[in-house]
Amino acid sequence: MITTDLFAASQPARRDEPLCDGAVVLRGFALADEAPLLQAIEAIATQAPFRHLVTPGGLRMSVAMTNAGSLGWVSDRRGYRYEAFDPDSGKPWPPMPEVFQRLATAAASCAGFAGFVPDACLINRYEPGTRLSLHQDRDERDFSQPIVSVSLGIPAVFLFGGPRRADPVRRVPLAHGDVVVWGDPARLHHHGVLALKPNHHAVLGDARINLTFRRAD
DNA sequence: CAGTATCG
DNA sequence: CAAG
């Protein structure tokens with residue numbers, strides 16, 4: 001009893017915010033790994049530069065993307081899919097940094113998804129005005145595996161809806177270091193990001209970087 | 001429809 | 001006219 005109280009008092013205050021059954025926001029979860037995370041992102045962007053993909057409808061996405069891991073998410077006129085090779089360079093995507101994998105596995109575990117080992121990390125770069133309309137992540141093989149989303153840089157408003165597009169949508173402000181995890185009952189829920197407001201972050205400048213971890217294969 | 005344009 |  002006393003040991004429990006002492007333990008609780010010695011831990012940083014964790015304010016986990018459940019969004020619904022199967023989805024939770026872990027406030028500040030990535031802050032401890034901020035420096036190595038940013039260094040790894042910079043190295044990845046050097047090998048596989050951010051680029052604007054085109055939707056199957058032929059429209060340019062406002063968010064700039066790259067990938068790390070054995071598979072990377074891509075979109076073009078042929079559709080959405082995962083590819084082992086960067087279409088721009090013909091080379092494999094940069095490998096998943098150890099700090100990425102460790103963070104994703106730990107966050108998933110905290111959210112109740114033990115044994116999550118991502119093989120793909122989609123890296124999205126937002127600038128003021130960038131948005132991502134409501135969609136589902138449904139290009140992966142195993143929907144029993146969760147999605148882990150890490151926010152870095154300037155804040156954004158995350159949209160989290162339900163399994164049907166017309167379902168009510170919650171607005172969730174996300175700050176530097178916040179992590180969202182959604183899985184099993186909420187794995188196919190719609191989600192998106194409102195257009196970013198003009199803002200500045202001391203380290204990342206006028207940008208938000210989002211890491212989205214998936215088990216694609 | 002991982003999009004925009006148009007409207008109240 | 002910006003936000004939704």
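Just so it is clear, the structure is predicted and the values come from calculations on it, not from any experiment. Throughout, protein chains are lettered first and strands after them, A, B, ... in sequence-line order, and every chain is numbered starting at 1.
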(message) Using whole Å, what does the distance between atom P of nucleotide dT4(B) and atom NE2 of His135(A) come to?
(response) 14 Å
(message) I'd like to check the ring-ring contact (aromatic ring centres under 6.0 Å, His included) partners of His176(A); sequence neighbours left out, ordered by chain and number.
(response) His201(A)
(request) Could you work out the complete set of other residues in the hydrophobic cluster of Val157(A), with links drawn between I, L, V, M, F, W and Y side chains under 4.5 Å apart? (result) Leu134(A), Leu159(A), Val169(A), Leu194(A)
(message) Pairs counted only when both distances fall under 3.5 Å, Watson-Crick or G-U: show me the 5' to 3' dot-bracket for DNA chain B, [ ] for pseudoknotted crossings and | for other-strand partners.
(response) ......|.
(message) Salt bridge check, Arg214(A) against Asp139(A): does any charged N sit closer than 4.0 Å to a carboxylate O?
(response) no
(request) Round to a whole Å and report the spacing from CG of Leu53(A) to P of dC1(B). (result) 15 Å
(request) Tell me whether the OP1 or OP2 atom of dT4(B) has a side-chain N or O from Arg60(A) closer than 4.0 Å. (result) no
(message) Need one value for Asp137(A): base, sugar-phosphate or nothing, where a base atom within 4.0 Å counts as base even if backbone is also close, heavy atoms only.
(response) base
(request) Send over the distance from Gln136(A) CD to dG3(B) C1', rounded to a whole Å. (result) 16 Å
(request) Determine the Euclidean distance between corresponding C1' atoms of dC1(B) and dA5(B); express it in Å to zero decimal places. (result) 13 Å
(message) What's Arg214(A) touching, base or sugar-phosphate or nothing? Going by heavy atoms closer than 4.0 Å.
(response) base
(request) Quickly work out the Leu134(A) CG to dG3(B) C1' distance and round it to whole Å. (result) 12 Å
(request) With sequence neighbours excluded, give me every salt bridge (charged side-chain N to carboxylate O under 4.0 Å, His left out) pair touching residues 176-192 of chain A. (result) Arg27(A)-Asp178(A), Glu140(A)-Arg187(A)
(request) Round to the nearest Å and state the distance from His52(A) atom NE2 to dG3(B) atom P. (result) 12 Å
(request) For dG3(B), take OP1 and OP2 only and decide whether either is under 4.0 Å from a side-chain N or O of Ser133(A). (result) yes
(request) Would you kindly give the CG-to-P distance between Leu132(A) and dC1(B), to the nearest whole Å? (result) 14 Å
(request) Answer with base, sugar-phosphate or nothing: what part of the nucleic acid does Arg138(A) contact at a heavy-atom distance below 4.0 Å? (result) nothing
(message) Under 4.5 Å side-chain heavy-atom separation, chaining through any Ile, Leu, Val, Met, Phe, Trp or Tyr, what else clusters with Leu188(A)? Say none if it is isolated.
(response) Phe143(A)
(message) Check Arg141(A) with Asp119(A), please: is the shortest side-chain N to carboxylate O separation under 4.0 Å?
(response) no
(message) Categorize Ser75(A) for me: base, sugar-phosphate, or nothing, with a 4.0 angstrom heavy-atom threshold over every strand shown.
(response) nothing
(request) Quick one: list whatever passes salt bridge (Lys or Arg N to Asp or Glu O under 4.0 Å) with Asp206(A), sequence neighbours left out. (result) none
(message) Using whole Å, what does the distance between atom C1' of nucleotide dT4(B) and atom CG of Leu194(A) come to?
(response) 16 Å
(request) Calculate the interatomic distance between Leu196(A) atom CG and dA3(C) atom P; express it in whole Å. (result) 13 Å
(request) Among dG3(B), dG4(C), dT4(B), find the nucleotide with the atom closest to the side chain of Arg131(A). (result) dT4(B)
